[in-house]
Structures are given as structure tokens and as C-alpha cells.
Enquirer: 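First the structure, then my questions, so here it is.
All ligand and atom numbering here is 1-based and tracks the order in the structure. Residue numbers start at 1 and run along the sequence shown.
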Amino acid sequence: MFLISDLCVILESYLEKNEVEAIYQAYLFGAEAHEGQTRKSGEPFIYHPIAVARILAEMRMDCKTIVAAILHDVIEDTETGKETIAEAFGNEVADIVDGLTKLEHLNFNTKAEAKAESFRKLVLAMVQDIRVILIKLADRLHNMRTLGVMTAKKSRRIASETLEIYAPIANRLGMNNIRHELEDLGFQAYNPMRYRILKESVEKVRGNRKEIVNKIQQAIQNRLDEEKIISKVLGREKHIYSVYKKMRKKHLPFSEVFDVYAFRIIVESVDQCYRVLGVVHNLYKPVPGRFKDYVALPKNNGYQSLHSVVYSPYGVPIEIQIRTDEMHKVAEQGIAAHWAYKTNENDGEVLSQTRAREWLKNLLDIQKNAGDSIEFLENVKIDLFPDEVYVFTPKGKIMQLPRNSTAVDFAYAVHTDVGNTCVGVKIDSQLMPLNTVLCNGQTVEVMTAKGARPNPSWLNFVFTVKARSGIRNTLKNLKKEEAIILGRRLLVKCLNKAGSSLEKIPQQRIDDILAEYKLDSIDELLYKIGLGNRIPQLVARRLLPKEVVDSAIACRTDNAGRPLAIKGTEGTVVSYARCCHPLPGDDILAYMSSGRGIVIHTKDCPNSGEYLKRPEKWVDIEWSNEVSGDFSVGLRILAEHKRGVLATVASIISEQEANIEHVETMERESNYTFLDFLLSVRDRKHLADIIRQLRLSEMVVKIQRT
Ligand code: MN
């Protein structure tokens, strides 16, 4: 059993006295919080966080990391909240523990469709402080070491998550020691049979080869000693999972994968690495094309070494790795190696911090993350994927979006049709506005309605190109369809007035006119009419035979035929003027505006006089009997200046089932106030009902439509 006193012995070897004391306080705090809880194995729960802290202490992590490690399950598993931890141990520790709790809630296995790669990114993206990951990996490692007590099914689930998510993250951070152990434990739990067979084979081969390995090791060591190079020559053992992976990937039998001797030579300086290489190549002939210089060109997880393969006198090739102590430490511990607490004052703290920063920069492709060096080691806030955000669909699929994406961007990312018909969104089961900016790890559910259409105002907040062009294209296509329908109605109306119809016009005549207008189809002509770019009366005149025109012209002035009926469902090609806000029931007039289609005003609108001067632009219209939709209308209310007057008026309006689009208040005198509303109502009668109800209120003095 590993006790807190054992942990303190390790801590005292590299931390200050007061730091060890702080960690002991964390232990007392954690032990009390977890009091009465036990692990599956039956031992008190607190042994688990102590064991996690031990793994990190062996990597010489700083005091706050160890404190957070001891408290890592406190928020998740006890009544204690983040604030309490912050009070006792500071915000930094509380933030780390809180970050771990959030990670705990991400369950890879319940998100059936989640791709391991994006899930790994999600895990990293959720972390503000890289120490959260280091503790998480240590936590996972201890859980894997003690997996035996779980049921086979549960073990397998945890093992697959370890192999798919956590071992690759350890690899990404260069932490090979942890990675190899996670992989072997994961493989053992996931596939116990294969693991056992492979393990036995490996041990057997090792036994058989022991003598030869010793001979080669001694030969290399002797030669290096002769050259007076201080070095350690070590036999290198491949871990079982990597043997297994290589067999599977390259379809090789065990004997071939294992058919190589491997050695590692550790020296004191970079210069010596190259000297050792020369010595080894002198001793044994190198295999052409197998030399790799990862010292000059490190791997992207920071790994450095010289690799070479040479021919041995025993017929089996020898793999050689040559590296310095420093490189060795980085190869085993990765990012944690740079975190290690510096005991040696002369180590040049600034230098090592700078180096750590450089390393991280290369490692994570971080563009700029300077700050000062002390802050870097104290509290590294790195955003590993600063430009991306990861969210889930309700089925658990991960969607990767650019940062700042909104719910509408998500809808379009799922499918253009989903975007076009979306009417609402639930984020983590809560109804939210469509312009909500998404955060990592949220589950987003889009609600759609048949026949719904994108709102042009979405263009003000969408972030992705896909959403933006989706909205634009859809609106454009809709406008085109609507314009064609309107154009047809307008043209047919004029033809009818002359006692004709589109069907009665000979095709040849239509084709001639289209050629004259340089248009390819009748739809294009109707589109131009609907948009107000061609005047339907003039087109009708051109289409009709001359004698018909002479006898029955002037579609707009005579009373033959009913005016065009406005139903409110025409879409974007019919608009209602903002100066007078016409309502169904109002006397209206309309004109064709180039590119916009029909614009409707009230007859008494002050602007209508201007348009009366251009009669060719008029359209004869009326409200249909079956008008539908919501129409905007302005209402100015003079009311007593009293507390709650706005709330009272607004509630009367909403009781009448009208929406308030906008409201402004303006104090007139001390006793009175103006309330300017923009409402959306069904028609004139609806508005009259609202006004009637408003008049009943004692506070309302005067009401005026604006
Ligand atoms: Mn834990």
C-alpha cells in the first residue's frame, strides 16, 4: 500500500518544505471529502488520488499539479464545490480540478458515432491548462493498473477508450513512458488471450537471445570506452502492444517482427551522439538507407535521437538509438519533462523555460503565445486548437466547426436542407436563440419545420461560408420562383383585360418577343416582370395582335377585370412600405420597383403622391379575401408617466396575440410619456381590437397609428 507518507518522501526530494506541507493539507482535505467512500477493490477511496499524485511526483511535477491531483475527484464524487476548493487552495488549483470534472463528463463510449480522432481533439480543446491532461493521463494510468477488479465488459470498454483516446494523447504530448504502459495495459484488458500469447513468445525469445545480446552490448561498450566516450549501452525491449501493432499493420509473423536486436546508447552531449554513431558504424557495417537524424530534425512530438541499423556478426540486424540524457528524458516524459521542477539553481531557469516554450510551440503549432517566462511555467494556458470548436449531434456524432460558429452554422454543416428549414435549436436540451455561439462539448439539436425558409437577418451573425452561401442561394432561388409566379399573374392579368390569355398567344409570337428582348425562356421574361424590371402592360401589348391592342388597351385605367389580389404569401417580391405600414383592410396602392417587385403603400401615405406621377409603374391591386401572415404596423401611445406603464401596455398587446417587434419610449412632459411601438398584427381588424383594449386602460391617454 502506497501511503501519504511515502508520497511525502518523493515530494521532499524536489519540493520546498512549505510546498510539501500544502500538499499534505490537500491530502487532509481530500481524505475528509472522500470519507466513507471506497473503491471497487474495497480500499478507502483516498488511496486512488494519492497513487495518481505519485505518478506525477515521479515525473517531478510542480506543487499545484500535485495538489490538484490529490483533489481531482473531489468535485465529481463529493459534495464539495469548486468555490470551496478555490478558497482553500486558490483559483488555479480549483480551475484544474474543475477542468478534470468536465472531462469526466465526456464519455467516448456513449457517443456511438464519435470518431476517435475528433474526440481526442475535443479532449484537448476543452482543456485550458495542459496540467489537466497530465493529471487525467495519470488518473487513467492508475485506473488501468487497478482494472482487474472490474467486470470483463467494463474493463473492455475502459480499455478501448484508453487505446483510442488516451494513449494517442500521451503520444501527441511525447509522453512515451505513460503511453507504452497505457497501451500494454489496454491491450491486455481488451484482448487478454492475444496479450498472453504474445507476452510468452516475447519472453521466450528474450531468454534464447540473452547471451548474444550481452555479447553485442559488451562489444559496443568496450569500443566506446576505448574511445573515452562516457556512455551507457542498454538492451532495448519493444513493448508488447507495438509488436502486436506492427504484426497487424505489416501482416508479418511474430518471428519477423521480433527478428532484430535493439540497443540504446545514452551519452552526455549532442556532439557525442555523432561520435558514437561513427564508432558504431566502424564496428558494424551500416544497412544502407536506414540512418535517420532526428537530432537535427526532431519528430513533431519533440522526439530526438539518431537511429541506425547495422549488420551484426550473428546474422540478425541491430537497431541502434543514440541520444543524450536530456533527449532521453524528453523521449520518455515528453511535455512533462519540461515541467519538471528544477532543483539545480545553476541549470539556467530562464534558459530551460525558454526551451520548454520553444518545444511546446513547435509541438502544438502555436503561432504566438509569448507572455513572460515565469507565467509560462506557473500557469500555461494553451489552446491546442484555437480555431476550432467541437460539438455533438443528438446521435453523438462530432461536428468540427470554426470557432465563433452559431447554431445556424451548425444546422448548415449538418445539411443545407436542415439549415434552410431550421426554426429553433436546443443546446444541451435547452431552447436557445439561433444566433447562440457554440462551445466545445455541447450537444446541439436543430428543430426544423417543413416549408420554413432562411431568414435574411441570419446573414448578420452566421460565421461559416457554407451557411452564408446556403442562405444567400436559397433566398435568391426563392425570390426567383416567387418573381416568376408574380410576373405570370401580372402578365396574365393584362392579357385577360384585352380578352386574351397566355395560351392564346401563338408560340411563334412568344419566341419572337423573347428574341427581341434577348431572353432564353418565357420564365426569364416572367422573372423580369415579377421583379419590376419589365412593365407587364408593355409586354402584353407586344404579345397581342395590333388590332386587339388598339381596341382594348389601357389595362390599368379601365375597370374590366379585378385587380391583382394580394394574399400575403407572395414572399420577397411583394413588400410593404415602411413609411406607412399597410395592413390588410387598408386602402392600398402599389407600384413596381425595379429589382424589388411590388411595393405596397396605403392610399393616404404621404409618399404615394410621388408615385402617382409615374402611372406606368402602377399595379392595380387589392387585398385577397384570404390574406394571411403577420404585418408590421406602428402605434404611438400617449400615456401617463407612471411606474409600470410600459409593462401594462405591453401585456395588453400580447394578450391580444400581437407581437411587439420594437418599442421606444420618449418622455414628453413630466406627467406623460410617448410609447412608440412597432407591432406585428394580422390585419386592420386585429389592430382595431388591440386599440380598443388599450383605450380601456386608465393610463392610456391617446393612441395613434403611425
Ligand atoms: Mn480518478
Side-chain angles (χ1 to χ4, degrees), residues 1-4 6-7 10 23 26-59 61 64-82 84-85 88-89 93-110 119 123-124 126-127 129-151 154-167 169-170 173 175 177-179 181-182 185-186 189 336 441:
M1 189 62 65
F2 189 81
L3 302 170
I4 180 67
D6 302 321
L7 177 66
I10 303 178
I23 292 165
Y27 158 72
L28 294 177
F29 186 99
E32 197 184 319
H34 288 295
E35 176 73 53
Q37 297 176 346
T38 52
R39 297 201 91 208
K40 259 257 156 60
S41 60
E43 64 185 20
F45 190 88
I46 191 68
Y47 285 119
H48 163 62
I50 293 174
V52 172
R54 174 197 191 173
I55 293 169
L56 294 158
E58 283 167 348
M59 296 193 291
M61 298 301 294
K64 280 172 180 153
T65 309
I66 307 293
V67 168
I70 288 183
L71 303 174
H72 80 269
D73 277 325
V74 162
I75 296 182
E76 176 71 14
D77 293 339
T78 78
E79 302 289 307
T80 314
K82 185 183 173 188
T84 318
I85 294 181
F89 300 99
V93 168
D95 283 340
I96 296 175
V97 176
D98 189 47
L100 281 154
T101 308
K102 284 184 182 137
L103 273 190
E104 198 57 46
H105 289 182
L106 278 180
N107 189 343
F108 174 63
N109 293 84
T110 61
F119 204 91
V123 168
L124 293 174
M126 283 190 58
V127 176
D129 187 326
I130 198 70
R131 287 176 291 186
V132 171
I133 289 284
L134 301 183
I135 297 171
K136 182 71 197 175
L137 290 171
D139 177 38
R140 178 52 61 116
L141 184 57
H142 183 245
N143 286 336
M144 290 303 295
R145 284 175 181 171
T146 53
L147 200 59
V149 294
M150 298 286 176
T151 61
K154 200 165 180 199
S155 297
R156 225 175 125 85
R157 183 181 69 70
I158 296 173
S160 88
E161 190 178 74
T162 300
L163 291 173
E164 298 259 6
I165 309 299
Y166 291 102
I169 287 176
L173 299 175
M175 304 169 74
N177 269 357
I178 287 194
R179 170 195 157 201
E181 195 178 344
L182 285 176
L185 290 168

Enquirer: Among the N/O/S atoms of His48, which is closest to the Mn ion (ligand 1)? Give the atom name.
Expert: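 For His48, the N/O/S atom sitting closest to the Mn ion (ligand 1) is NE2.
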Enquirer: Are the side chain of Glu43 and the backbone N or O of Met1 linked by a donor-acceptor pair below 3.5 Å?
Expert: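 Between the backbone of Met1 and the side chain of Glu43 there is no qualifying donor-acceptor contact (under 3.5 Å).
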Enquirer: Specify whether an N/O/S atom of His72 falls short of 2.8 Å from the Mn ion (ligand 1).
Expert: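 For His72, the answer is yes, given that an N, O or S atom comes within less than 2.8 Å of the Mn ion (ligand 1).
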Enquirer: Main chain of Ile75, side chain of Thr78: is a donor-acceptor contact present, judged purely on distance under 3.5 Å?
Expert: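 Side chain of Thr78 to backbone of Ile75: no pair is present.
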Enquirer: How open is the angle at the Mn ion (ligand 1) from atom OD1 of Asp139 over to atom OD2 of Asp73, rounded to 10 degrees?
Expert: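 With the Mn ion (ligand 1) as the vertex, OD1 (Asp139) and OD2 (Asp73) sit 160° apart.
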Enquirer: Just so I know, are the side chains of Glu181 and Met144 near enough to count as touching, which here means a heavy-atom distance under 4.5 Å?
Expert: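 They are not in side-chain contact.
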Enquirer: Would you say Glu32 has more than 12 foreign heavy atoms packed within less than 6.0 Å of its CD?
Expert: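 No, because the 6.0 Å sphere around CD of Glu32 holds 12 heavy atoms or fewer from other groups.
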